[in-house]
Amino acid sequence: MSRLIQLPPKFLPPEWQLANQMRYSSAAAERSRSERLSAESQRLVEETEKATRRAQEDVTKKLEQRIEDIKFWKQELDTKLAELVKEIDVLLTYKTRLEKALESCAEPLRVTQQCLAERESRVGIDLVHDEVERELIKELEVIEGVTSLLKRTLEQTNEQIRLNRSAKYYLEKDLRDKFQAEIIDDQCAVLTSNSPEIHYSPGASSTAQGAVTPGEWEDFSNLNIVKADKQKNNSLSLRTLIDSLLEQTADDLSRQHQAVSNALQIRVRETKSAKSHLEEHLAKVMEEISSQERNIAALKQAIAEKEGPLKLAQTRLQARSQRPNVELCHDPAQARLLHEVQEITGTIERLSETLALAEAEMRALTRSQLSLEEEIEVKARTVYIDEVVCTQLRQPIAFHHF
């Protein structure tokens with residue numbers, strides 16, 4: 001019976017001592033970690049408090065700097081806005097002068113307009129803004145005199161007034177935005193951690209959609225000022241032009257008529273010369289087409305002539321492949337036949353490539369021929385318009401002074 005009863009396991013004294021020692025060490029390590037954490041926590045609290053104070057002071061300082069920047073740009077915008085408003089008012093008086101001047105201007109310009117219309121029927125590359133067209137347009141301006149100039153200038157004036165008002169609108173909008181931004185930054189600058197109106201805004205830390213960099217912010221206002229300056233300067237230039245136009249009188253129409261006639265004569269000579277050169281090149285292209293046709297025929301003949309030798313060499317190789325047993329020897333004759341087939345095949349390939357290039361060149365020459373023929377027709381049409389139509393139309397022109 002005593003054999004069946006098993007005593008519970010027992011630890012040895014060394015094991016008991018080791019277990020106690022491990023618990024001592026664990027407790028000491030835990031106390032050490034806790035002490036380090038407490039010290040680190042205290043240091044972190046003090047450090048974050050200092051960092052928070054520095055951050056608030058830095059933010060307040062930067063807000064004050066920002067307010068100064070806004071005030072500076074507001075002053076710049078205010079100055080440019082005042083200048084632009086004054087310029088708009090002055091330009092409106094110039095517009096009134098132009099409208100009154102236009103009421104007394106009118107003159108028919110049928111012949112010159114018809115010449116311009118006829119020259120619009122030129123085709124292809126000949127529809128060019130050449131010296132004749134510039135002289136005709138100038139003559140049209142001279143004949144129209146004050147009327148045409150004032151009409152165009154009035155359109156420019158209306159457009160400039162629109163641009164000035166557009167620049168004024170963006171200046172005013174920028175000023176309104178900066179006024180609102182200054183109010184907001186003023187409010188932010190006086191806030192403290194103890195202000196009653198502060199509150200949590202979890203989404204405020206994310207970058208607002210459409211936010212710009214300080215450089216972009218300055219560039220935006222600077223661009224508005226530059227645009228306003230540009231429009232003001234354009235307006236000043238336009239007013240100078242208007243003063244000049246309101247004082248000018250009719251030019252010497254006969255001199256301008258002669259200038260157009262001279263330009264027509266020169267242009268006709270240039271066009272005839274170009275047509276002559278085109279015809280010369282067409283003749284050379286036609287000659288080259290004939291030469292290339294002969295070259296293609298020779299290449300095709302050369303390729304055809306290689307068919308017999310190639311068939312012969314391949315037939316010999318086929319026949320020699322029937323030699324019995326050991327007689328099927330790769331002898332010098334067999335090697336030469338194989339080399340001959342390669343040579344003839346390579347020759348045919350080179351000839352075929354050359355033929356393809358020649359045929360491509362032939363197609364290019366044909367396109368060049370068609371292009372030259374088309375261009376010659378264009379030049380002939382231009383000569384007819386300038387030498388016959390326009391010259392005859394201009395002969396009975398009678399000019400009137402205003």
Side-chain angles (χ1 to χ4, degrees), residues 105-153 155-156 241 244-245 248-292 362-402:
C105 299
E107 184 65 26
L109 304 169
R110 183 187 62 82
V111 173
T112 304
Q113 291 172 346
Q114 188 172 352
C115 285
L116 286 169
E118 291 290 344
R119 299 191 89 246
E120 285 295 320
S121 62
R122 293 171 296 168
V123 295
I125 192 62
D126 275 25
L127 188 59
V128 61
H129 185 66
D130 55 10
E131 186 65 23
V132 175
E133 184 163 344
R134 285 191 288 272
E135 291 295 340
L136 279 170
I137 292 174
K138 185 187 293 185
E139 183 181 53
L140 183 64
E141 293 171 353
V142 171
I143 295 172
E144 288 177 341
V146 178
T147 303
S148 61
L149 291 173
L150 290 179
K151 284 181 180 178
R152 288 195 299 271
T153 308
E155 291 174 1
Q156 294 175 7
L241 175 64
S244 176
L245 292 177
Q248 77 174 55
T249 58
D251 294 329
D252 190 346
L253 298 179
S254 297
R255 183 173 59 219
Q256 183 59 36
H257 177 266
Q258 188 60 45
V260 174
S261 298
N262 292 341
L264 273 172
Q265 292 174 6
I266 294 172
R267 189 58 178 170
V268 168
R269 286 198 299 271
E270 291 174 347
T271 307
K272 285 183 176 179
S273 176
K275 180 173 175 289
S276 176
H277 283 88
L278 288 170
E279 290 169 345
E280 292 175 4
H281 282 284
L282 177 61
K284 292 178 181 178
V285 168
M286 296 299 294
E287 182 180 349
E288 184 60 27
I289 287 175
S290 299
S291 174
Q292 195 61 250
M362 185 66 181
R363 290 191 293 272
L365 285 169
T366 302
R367 290 193 297 270
S368 180
Q369 174 196 349
L370 295 174
S371 176
L372 286 170
E373 290 173 347
E374 180 181 351
E375 194 60 27
I376 289 170
E377 292 180 2
V378 169
K379 294 292 183 289
R381 178 183 179 87
T382 301
V383 169
Y384 174 76
I385 291 172
D386 285 347
E387 188 176 32
V388 179
V389 178
C390 289
T391 301
Q392 290 183 358
L393 277 172
R394 295 182 54 77
Q395 287 176 355
I397 287 180
F399 294 103
H400 301 279
H401 293 275
F402 298 97

Which atom pair, heavy atoms only, marks the closest approach of [X] to [Y]?
| X | Y | answer |
| --- | --- | --- |
| Val132 | Ala263 | CG2-O, 3.2 Å |
| Val260 | Glu135 | CG2-O, 3.5 Å |
| Leu136 | Thr112 | O-CG2, 3.6 Å |

Exercise. So which pairs with a foot in residues 376-387 pass salt bridge (Lys or Arg N to Asp or Glu O under 4.0 Å), sequence neighbours left out?
Worked result: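 Every salt bridge (Lys or Arg N to Asp or Glu O under 4.0 Å) pair that includes a residue of residues 376-387, provided the two are not neighbours, is Arg119-Asp386, Asp126-Lys379, Lys272-Glu387, Glu375-Lys379.
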
Exercise. More than 12 foreign heavy atoms under 6.0 Å from CG of Leu127: is that the case here?
Worked result: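 More than 12 heavy atoms, drawn from other residues, nucleotides or ligands, come within 6.0 Å of this atom.
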
Taking the side chain as every heavy atom from C-beta outward, state whether [X] and [Y] have any atom pair closer than 4.5 Å.
| X | Y | answer |
| --- | --- | --- |
| Glu133 | Glu120 | yes |
| Leu116 | Glu139 | no |
| Arg122 | Asp130 | yes |

Can you tell me how far [atom2] of [Y] sits from [atom1] of [X], rounded to the nearest 0.5 angstrom?
| X | Y | atom1 | atom2 | value |
| --- | --- | --- | --- | --- |
| Gln256 | Ser261 | CD | OG | 10.0 Å |
| Leu264 | Arg267 | CG | CZ | 10.5 Å |
| Ile385 | Leu393 | CD1 | CG | 11.5 Å |

Exercise. Is Glu141 paired with Lys138 through a side-chain N to carboxylate O contact shorter than 4.0 Å?
Worked result: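 No, no charged N to carboxylate O under 4.0 Å.
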
Compile the donor-acceptor pairs under 3.5 Å between side chains in residues 276-288 and protein atoms, sequence neighbours left out, one pair per line.
from	atom 1	to	atom 2	distance (Å)
His277	ND1	Ser273	O	2.7
Glu279	OE2	Lys275	NZ	2.8

